[in-house]
Amino acid sequence: MTTAPVRLPEHLDHPFSPAGRINPHPAYRWLRTNDPVHYDAASRLWLVTGHADCQTVLRDPRFSAAKGQRERARDDALPPSMLTTDPPDHHRLRAPGALLLGPSAVRSIAGDLARDVDELLDRLGRRPAAERPDAVADIGRPLATAVFGRLFGLATAEYARFETLARAASINLDPMVPPARAALGRTAAAALTRYLDAHSAALAPDGCAAPLAAFAADDRLTRSEMLGVLNLAVVGGWQPLAELVGNALCSLLPDRAAVRRLAAGDDTDAEAGDAGGEAARRAVDELLRLEAPIPFTARVTTDTVELAGGTLPPGARVLAVISAANRDPAVFADPDQLRIDRHPNPHLAFGGGPHFCLAAQLVRQAGGLLLPALLRRFPEMRGPHGMPDWDRCLVPRRLRVFPVDLGASGPDSEDPGTAEEDHG
């Protein structure tokens, strides 16, 4: 006997519909409670929404990432990278990738990145008072571009070109874009690859300290594989990092107590590259938990799999819905509320298992440097009134715009000469 598929109640918007993309959380909440392993007839995908089940999807080798990427609703092939492979090929690609995105690479750019954050805040402070910056375009994107500029050893004059290429190629994040935009994404990815190929070839490993120089010189990867990993780093890293800032401020700014706590938090190790200290790291994790830029990840089952919430057949096209798992009340107290010091915080915004995001420390570093410094410099910062202007794309989860009122500057905006005397 075949059981009829469970359907969402009519009063809830499907999370992939235009309205549901703006606020998918009510639908995910209903699914997590009533049908946590849900077959969606419209997309022919299985949506897994419970935290424990999503962990299984991410960790169990019976869920293939390689097959999951091939099952995208697009006909363009992805370049070889950690995203598109299963072990052992995944491990072979990931090990050299640590030269570009691992802890040592992050430490090597920490001092420069801290100075980049200061320069970004200085530019914000020089804007006319009546000119409200957009957290997405004027803070998030410059931060992401500075991070990749340091990783790749880009000259500052190259930042604008790189950002243009990265934005265009980020269309490829969304597995369900219509054909015309998918075609644009293919063209943009090819242009980005040519740019990265030429730039990395020009870096001398002995004369450049940028992590890309060591990564490009590593002989464990073919040239094609190296460029595939680079493409993944940009497409899977630049846009989500850029969107992190707007998403984070949208959750954070209404909670003035959280703003004050983060601004006054443990920043004693910031100069040593400690991402602003433990308080900042916890804050970044919590803000990612609430609104992860990458809301789900795809797998395909290679066998029958029994999950706590239901059974998946072989060949099932599965989405581990990170956004739903990150608000599972079985794991997180007050799951829809911001708790800036939540600990422990086993969120899945960085994925899990062998595909755990290689750039997780980099994201915590960048966010942990920027957010406390931004709130110390502009302690009266406020977001827009009314409902957030969420984009209708599925991936990344992002705001179209998020204009902020900087308010009065704080003590961090002192004249640089005065500040130097005070610290001397």
Side-chain angles (χ1 to χ4, degrees), residues 48 52-72 77-109 148 151-152 172-173 175 189 193 196-197 200 205 210-238 240-241 292 294 296-303 305 312 314-320 322 325 346-365 395:
V48 177
D53 283 345
C54 280
Q55 280 195 313
T56 300
V57 173
L58 295 169
R59 296 173 184 274
D60 193 309
R62 292 173 295 176
F63 293 88
S64 169
K67 291 183 178 181
Q69 293 305 314
R70 288 198 294 270
E71 290 290 334
R72 301 184 312 157
L78 291 171
S81 70
M82 291 90 76
L83 183 67
T84 59
T85 53
D86 294 320
D89 280 345
H90 171 269
H91 299 328
R92 182 178 62 82
L93 295 170
R94 186 180 177 93
L99 294 172
L100 181 70
L101 298 170
S104 295
V106 173
R107 285 193 296 271
S108 75
I109 67 168
F148 279 86
L151 288 173
F152 290 179
N172 295 294
L173 270 175
T193 298
L196 294 173
D197 191 10
S200 59
L212 175 56
F215 173 66
D218 192 284
D219 61 5
R220 288 174 289 179
L221 301 181
T222 67
R223 188 72 182 173
S224 175
E225 289 169 338
M226 187 274 291
L227 291 171
V229 173
L230 275 186
N231 257 286
L232 172 63
V234 177
V235 173
W238 182 87
L241 181 55
I294 306 298
F296 50 72
T297 190
R299 299 288 189 270
V300 170
T301 54
T302 60
D303 200 350
V305 182
L312 292 166
R317 302 163 67 220
V318 180
L319 291 185
I322 303 303
H347 70 85
L348 302 177
F350 293 124
H355 288 269
F356 183 81
C357 179
L358 191 58
Q361 183 171 330
L362 178 68
V363 173
R364 290 183 175 120
Q365 173 84 18
V395 184

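All figures in this text were calculated on a predicted structure; none of them were measured in a lab.
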Trainee: Counting C-beta onward and ignoring hydrogens, is there a side-chain heavy-atom pair between R223 and S200 closer than 4.5 Å?
Mentor: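 Touching, per the 4.5 Å side-chain cut-off.
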Trainee: Nearest 0.5 Å, what's the CG-CG distance between L196 and L212?
Mentor: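 Interatomic distance, L196 CG to L212 CG, rounded to 0.5 Å: 8.0 Å.
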Trainee: Please check this pair: side chain of D86 against backbone of A66, looking for a donor-acceptor N/O pair closer than 3.5 Å.
Mentor: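 Answer holds: yes.
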Trainee: Atom CG of L358 and atom CZ of F350: how far apart are they, to the nearest 0.5 Å?
Mentor: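 Reported to 0.5 Å precision, the distance equals 11.5 Å.
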Trainee: Roughly how far, to the nearest 0.5 Å, is CG of L362 from CG of L101?
Mentor: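 One finds 6.5 Å between CG of L101 and CG of L362.
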Trainee: Within the side chain of T301, is there an N or O that forms a donor-acceptor pair under 3.5 Å with the backbone of G315?
Mentor: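 It does hold such a pair.
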Trainee: What are the two closest non-hydrogen atoms of S64 and K67, and how far apart are they?
Mentor: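 What the structure gives for the nearest pair is OG-N, 3.0 Å.
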Trainee: Just so I know, are the side chains of F152 and L100 near enough to count as touching, which here means a heavy-atom distance under 4.5 Å?
Mentor: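 Side-chain contact under 4.5 Å: yes.
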Trainee: Is the shortest side-chain heavy-atom distance between P211 and S108 below 4.5 Å?
Mentor: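 In contact.
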Trainee: Atom CZ in R220, atom CD in E225: separation rounded to 0.5 Å?
Mentor: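 So the gap between those two atoms works out to 12.0 Å.
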Trainee: To check you understand the geometry: which heavy-atom pair defines the closest contact between L221 and R92, and what is its length?
Mentor: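 The answer is CD2-O, 3.9 Å.
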Trainee: Picking from L348, V395, V48, what satisfies side-chain contact (heavy atoms from CB on, under 4.5 Å) with F296?
Mentor: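 Only match with F296 under side-chain contact (heavy atoms from CB on, under 4.5 Å): V395.
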Trainee: Would you confirm whether H90, through its side chain, and P354, through its main-chain N or O, come within 3.5 Å as a donor-acceptor pair?
Mentor: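 Such a contact is found between H90 side chain and P354 backbone.
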Trainee: Distance from C357 atom SG to R364 atom CZ, nearest 0.5 Å?
Mentor: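 Answer rounded to 0.5 Å: 9.5 Å.
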Trainee: Checking L58 against I322 for the side chain to side chain contact (heavy atoms under 4.5 Å, CB included) test, could you report, in this order, the C-alpha distance in whole Å, the side-chain angles of both residues, the deciding distance, and whether it holds?
Mentor: CA-CA 10 Å; L58 295 169; I322 303 303; 4.2 Å; yes
Trainee: Say you draw a straight line from CG of D197 to OG of S224; how long is it, rounded to the nearest 0.5 Å?
Mentor: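 With rounding to 0.5 Å, CG (D197) is 10.0 Å from OG (S224).
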Trainee: Dump the intermediate steps for side chain to side chain contact (heavy atoms under 4.5 Å, CB included) on L151 and F215, then the final yes or no.
Mentor: CA-CA 10 Å; L151 288 173; F215 173 66; over 6 Å; no
